[in-house]
Amino acid sequence: MKKFYITTAIAYPNSRPHLGHALEITQADAAARFYKLSGKDVFLQTGTDEHGLKNWQTAKKAGKDIMGFLDENVSVFRDLFARLKISYDNFLRTSDKEIHYPAAQELWNKLVKSGDIYKRKYSGLYCTGCEAFKTEKELENGRCPNHSTRKIETVEEENYFFRLSKYRDKVSEIIERDEYKVVPQSRKNEILSFLKIAEDISFSRPKATLPWGIPVPGDDKQVMYVWCDALSNYITGVYYGRDNKKFKEFWPADMHMIGKDILRFHAAFWPAMLISAGIPLPKRLFVHGFILSEGTKMSKSTGNVIEPFEQIEKYGPDAFRYCLLQSMPMDGDGEYSEKSVKERINTELVANIGNFCYRVLSFLASRYDSKFSKIDDDKKIISEILDIAGAIKLDYDSLNFRNAIQNILRISSIGNKYFQDNEPWKLINADREKTEKVIGTCINIVKILTITLKPMMPDFSAGMESQLGLKDLRWKDINFELKKHKIGKPAIIFHKCEESIAVSAKEFPLNIKAARIDSVKEHPNAEKLYVLDVDIGKEKRQIVAGLREHYSAEELKGKKIVVVCNLKHAKLRGIESQGMLLAGDDGKSIGLLTTKAIPGTAVLPDGLTGNEKEISFDDFMNIQIIIKDRKPYADGMLLKAGKEEVLAERVKDGARVR
RNA sequence: AGCGGGGUAGGGCAGCCAGGAGUGCCCGGAGGGCUCAUAACCCUCAGGUCGGUGGUUCAAAUCCACUCCCCGCUACCA
């Protein structure tokens with residue numbers, strides 16, 4: 001079987017990888033994983049472009065040997081790819097003398113043979129300090145900014161050129177007809193207009209000005225310029241010039257993936273070179289935009305640089321991949337911000353997808369001993385979901401990850417609604433068999449989610465496969481054929497990303513006071529709730545508390561507790577609650593926080609001042625207070641009511657206060 | 001200035017190429033339901049003269065012309 005061959009642009013490793021590198025390789029990896037799932041024999045190549053003056057100078061400046069410098073930087077890229085779970089099959093370094101050099105030289109020779117390489121004089125502005133050509137833009141007052149005492153000279157040098165102009169019509173035609181398909185359309189238009197005026201391109205440099213490159217065959221005074229050196233990686237990595245039979249298994253490439261800044265080289269130079277060398281053209285060029293932060297390009301001066309390593313560390317590879325893929329529109333630039341990352345994790349991954357998977361699996365595990373032997377043959381749901389899965393396939397095939405995500409979320413929303421509408425937690429008392437069918441269908445939906453998310457979030461899907469007790473799910477397993485099955489052990493995969501309210505050095509965000517319960521009534525409308533009147537010193541408050549399963553009215557009356565007073569008031573089943581009493585919850589028992597302090601005493605960490613500002617329930621939930629040795633700690637700081645201690649009843653260490 | 005991208009509900013987007021009731025997604029707001037699930041899930045409602053003007057058309061967010069505003073690029077760099 002011919003390989004399905006995908007490439008990324010090769011990175012220039014003169015500094016650390018940035019978000020753009022992470023984006024491109026993640027897109028390529030997601031595509032590769034998708035095609036693999038669909039049964040193709042995928043080969044993904046990436047690598048690094050290691051020649052050129054910039055690498056040479058950066059190494060020199062750092063006082064390092066060029067290969068040592070490159071090895072170091074390249075290993076950082078490889079490390080990033082590993083952390084990103086990139087499933088590449090080949091990593092090609094253009095500094096590879098064994099494989100890459102001879103093959104690139106072979107390509108050069110082919111171009112010479114076709115009569116498309118010729119010598120021509122080139123003249124430019126040369127800085128003797130840098131020993132390099134400068135563009136007019138780079139100069140300040142006609143001088144090199146790094147060597148302002150030296151003169152800029154106009155230097156002529158003789159270089160080899162490639163006859164791009166000869167091929168512009170031919171390349172235009174091929175792109176026009178989509179034989180080499182450039183997407184999106186706007187990039188295709190752009191390159192077609194460039195091809196009308198494309199001129200021959202400089203193809204080499206004298207060794208004296210570019211000391212670090214691949215030697216031009218038959219001319220030891222010249223080295224290849226980047227085109228033949230770097231673009232050729234796409235063929236040299238897959239046996240070009242080494243093993244023609246094997247080369248044909250890979251080539252032509254099914255997809256090159258690049259950024260919009262290098263469109264010309266891939267949609268004009270590269271196909272022209274291939275035609276000249278008599279090599280078939282790749283099939284598709286996918287061009288993505290840049291990834292921006294806060295609406296502008298990331299730069300150190302703006303201070304909006306986002307480090308890929310840090311993002312993976314904070315959010316994990318799955319969520320990072322998911323957000324990267326979602327950030328990029330099909331045309332134009334994308335936007336990445338941590339605020340939206342957190343939002344997406346909490347709402348899409350946790351509340352929508354993750355919650356559906358977990359509620360279904362845990363229901364089956366606890367009520368049916370993890371087994372089912374029938375499914376609900378709800379034609380409407382089934383066909384609706386299979387239709388969406390079909391759309392997702394098209395989304396992936398066109399690399400529209402954003403649409404794919406949107407459609408996947410639709411599936412889990414349908415699942416959540418289906419679960420909700422059937423109310424299995426109630427239905428199970430009336431019709432145990434029907435309930436089992438409903439859950440069986442839900443398991444199939446979970447399976448479909450697992451498969452459709454596999455290209456984007458490999459860890460999640462691997463985790464779900466093991467929870468489902470299924471192995472090696474493929475795209476063809478998207479169906480409702482799982483009718484009798486025993487699942488594995490359910491577990492939560494995505495965890496809520498807490499927006500930690502900065503507990504500032506001076507102000508504690510909560511206004512907590514010691515209080516005494518004056519009276520206890522049962523909530524007329526809710527079986528778990530009490531309505532309490534509490535004394536918080538200068539005023540009295542009415543508080544609704546869900547304690548009826550844990551405390552009797554007698555136990556509560558007169559008890560001295562602590563209450564959050566600046567929480568936004570809320571109606572609970574029709575009765576207003578003007579605060580919240582604090583209790584520890586260790587998963588088994590609920591135990592009140594108590595204190596001997598007189599009502600009204602502020603409860604604070606040492607040294608911090610109080611805060612009257614009203615706080616929303618969500619913000620409150622994001623403040624972690626944990627019990628240790630019966631005492632409450634907020635962000636590691638002990639909470640006390642003046643001089644008196646605050647102690648939690650009944651609960652173990654690690655209990656969360658709420 | 002040139003080139004490119006954009007202006008659609010309070011925020012972020014899709015829809016535009018192949019015109020057909022402002023349709024859709026995520027967040028946020030208001031109200032309700034539910035308790036299996038990670039305070040999660042479900043439902044309802046509010047909110048828009050689709051940047052503006054003019055044209056083509058039976059019909060325009062969508063096509064054409066003009067115009068206003070925002071942003072990016074303008075390096076022999078992958």
Side-chain angles (χ1 to χ4, degrees), chain A residues 8-14 20-21 24 46-55 94 122 124 133-138 159 184-187 189-190 193-194 201-203 205 225-227 229-231 233 258-266 289-290 292 295-297 326-327 329-335 337 339-340 343-344 346-352 354-367 400 402-403 405-407 409-410 412-413 415-428 435 439 442 490 492-496 528 571 617-618 620-622 658:
Chain A
T8 69
I10 51 179
Y12 201 75
N14 75 325
H21 291 116
E24 182 167 303
T46 185
T48 39
D49 167 26
E50 306 192 8
H51 294 118
L53 203 57
K54 225 193 282 179
N55 276 338
T94 58
Y122 168 86
F133 281 95
K134 298 277 161 180
T135 58
E136 278 185 40
K137 283 261 169 61
E138 287 174 309
N159 294 337
Q185 180 75 30
S186 57
R187 297 297 160 207
N189 298 342
E190 188 179 325
S193 73
F194 169 74
I201 49 174
S202 170
F203 227 53
R205 286 287 180 282
Y225 192 55
V226 60
W227 317 126
D229 171 341
L231 288 168
N233 88 86
I258 61 164
K260 65 180 185 180
D261 49 338
I262 51 174
L263 173 68
R264 263 180 207 193
F265 319 138
H266 288 77
F290 292 149
L292 312 175
T296 58
K297 202 169 172 178
Q326 130 71 34
S327 73
M330 286 305 280
D331 203 346
D333 296 333
E335 168 81 22
S337 79
K339 184 171 168 283
S340 74
E343 202 174 278
R344 285 188 189 287
N346 288 344
T347 60
E348 297 175 9
L349 298 184
V350 173
N352 197 339
N355 187 242
F356 176 67
C357 294
Y358 186 66
R359 78 196 292 203
V360 168
L361 264 61
S362 60
F363 195 92
L364 189 69
S366 66
R367 315 295 174 96
N400 194 337
R402 236 187 212 196
N403 260 1
I405 285 174
Q406 204 173 90
N407 278 321
L409 288 169
R410 275 175 65 203
S412 60
S413 288
N416 269 319
K417 181 163 163 47
Y418 174 70
F419 194 99
Q420 189 78 24
D421 289 349
N422 280 291
E423 299 187 309
W425 60 89
K426 274 188 196 162
L427 187 65
I428 192 166
T435 308
I439 300 301
C442 285
I492 289 173
I493 293 186
F494 295 121
H495 292 274
K496 203 160 176 175
K528 291 182 183 170
K571 268 192 184 174
F617 188 78
D618 282 347
F620 168 72
M621 288 306 291
N622 285 334
R658 60 192 184 98

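Convention: sequence-line order gives letters A, B, ...; per-chain numbering from 1.
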(message) Once pairs are restricted to Watson-Crick or G-U wobble with both distances under 3.5 Å, how does RNA chain B read as a dot-bracket string, [ ] for crossings and | for other-strand pairs?
(response) ((((((((.[[[[[)....(..]]]]].(((((.......))))).....[[[[[..)....]]]]])))))))....

(request) Report yes or no: is the ring centroid of A:Trp425 under 5.5 Å from the six-membered base ring centroid of B:rC36, with the two planes under 30 degrees? (result)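 Yes, A:Trp425 stacks on the base of B:rC36, since the ring centres sit under 5.5 Å apart and the planes are within 30°.
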
(request) List the steps and the verdict of side chain to side chain contact (heavy atoms under 4.5 Å, CB included) for A:Asn159 and A:Arg205. (result) CA-CA 6 Å; A:Asn159 294 337; A:Arg205 286 287 180 282; 3.7 Å; yes

[atom1] spacing across the pair [N] / [M], given as an integer number of angstrom:
N	M	atom1	value
B:rU62	B:rG15	C1'	9 Å
B:rG47	B:rC27	C1'	15 Å
B:rA75	B:rA65	P	29 Å
B:rG22	B:rC26	P	23 Å
B:rA60	B:rA21	C1'	13 Å
B:rU67	B:rC17	C1'	24 Å
B:rA46	B:rG10	C1'	12 Å
B:rG20	B:rA61	C1'	13 Å

Interatomic distance, [X] [atom1] vs [N] [atom2] [rounded to whole Å]:
X	N	atom1	atom2	value
A:Leu364	B:rC36	CG	P	16 Å
A:Asn407	B:rC25	CG	C1'	10 Å
A:Arg367	B:rU35	CZ	C1'	11 Å
A:Arg187	B:rG72	CZ	C1'	11 Å
A:Ile492	B:rA39	CD1	C1'	13 Å
A:Phe363	B:rU38	CZ	C1'	17 Å
A:Arg402	B:rG15	CZ	C1'	13 Å
A:Glu343	B:rC13	CD	P	12 Å

Measure from the side chain of [X], starting at C-beta and using heavy atoms only, and say which of [options] lies closest.
X	options	value
A:Ser362	B:rC13, B:rC77, B:rA37	B:rA37
A:Lys417	B:rA78, B:rG4, B:rC42	B:rC42
A:Asn416	B:rC42, B:rC25, B:rC36	B:rC42
A:Tyr225	B:rA78, B:rC41, B:rC77	B:rC77
A:Arg359	B:rC42, B:rA78, B:rC41	B:rC41
A:Tyr358	B:rU38, B:rA78, B:rC26	B:rU38
A:Lys54	B:rG4, B:rA37, B:rC77	B:rC77
A:Glu348	B:rC42, B:rC26, B:rC41	B:rC26

Evaluate the side-chain proximity of [Y] to [X]: yes if any heavy-atom separation is below 4.5 Å, no if none is.
X	Y	result
A:His495	A:Val350	no
A:Asn352	A:Ser413	yes
A:Phe203	A:Ile201	yes

(message) So if I apply the side chain to side chain contact (heavy atoms under 4.5 Å, CB included) rule between A:Asn55 and each of A:Asp49, A:Thr48, A:Asn14, which one comes out positive?
(response)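 That would be A:Asn14; it is the only one of A:Asp49, A:Thr48, A:Asn14 passing the side chain to side chain contact (heavy atoms under 4.5 Å, CB included) with A:Asn55.
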
Using a cut-off of 4.0 Å on non-hydrogen atoms, how would the nucleic acid contact of [X] be classed: base, sugar-phosphate, or nothing?
X	answer
A:Phe265	sugar-phosphate
A:Arg410	nothing
A:Val360	nothing
A:Asn355	base
A:Arg344	nothing

(message) Tell me whether A:Arg402 at atom CZ has more than 12 heavy atoms from other residues, nucleotides or ligands lying less than 6.0 Å away.
(response)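 More than 12 within 6.0 Å, yes.
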
(message) I want to confirm an ordering. Mapping A:Ala230 and A:Asn352 to their closest nucleotides on RNA chain B, which one lands closer to the 5' end?
(response)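 Checking each residue's closest nucleotide, the 5'-ward one belongs to A:Asn352.
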
(message) Can you work out whether A:Asn233 or A:Asn403 has the more 5'-proximal nearest nucleotide on RNA chain B?
(response)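 Closer to the 5' end of RNA chain B: A:Asn403.
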
(request) Verify whether one side chain among A:Asn233 and A:Thr94 offers a donor that lies under 3.5 Å from an acceptor in the other. (result)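 No.
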
(request) May I ask you to verify whether the side chain of A:Gln420 and the base of B:rC42 hold a donor-acceptor pair under 3.5 Å? (result)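 Check fails, no donor-acceptor contact within cut-off.
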
(request) Could you tell me whether the phosphate oxygens of B:rC73, OP1 or OP2, come under 4.0 Å of any side-chain nitrogen or oxygen in A:Lys260? (result)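 Indeed not, no polar side-chain atom of A:Lys260 lies that close.
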
(request) Fit a plane to each ring of A:Phe419 and A:Phe363, take the angle between them on a 0 to 90° scale, and name the class: parallel (under 30°), tilted (30 to 60°) or perpendicular (over 60°). (result)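 Taking A:Phe363 first and then A:Phe419, their aromatic rings stand perpendicular (interplane angle over 60°).
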
(request) Dump the intermediate steps for side chain to side chain contact (heavy atoms under 4.5 Å, CB included) on A:His266 and A:Arg187, then the final yes or no. (result) CA-CA 11 Å; A:His266 288 77; A:Arg187 297 297 160 207; over 6 Å; no

(message) Walk me through whether A:Thr8 and A:His21 qualify under side chain to side chain contact (heavy atoms under 4.5 Å, CB included).
(response) CA-CA 10 Å; A:Thr8 69; A:His21 291 116; over 6 Å; no

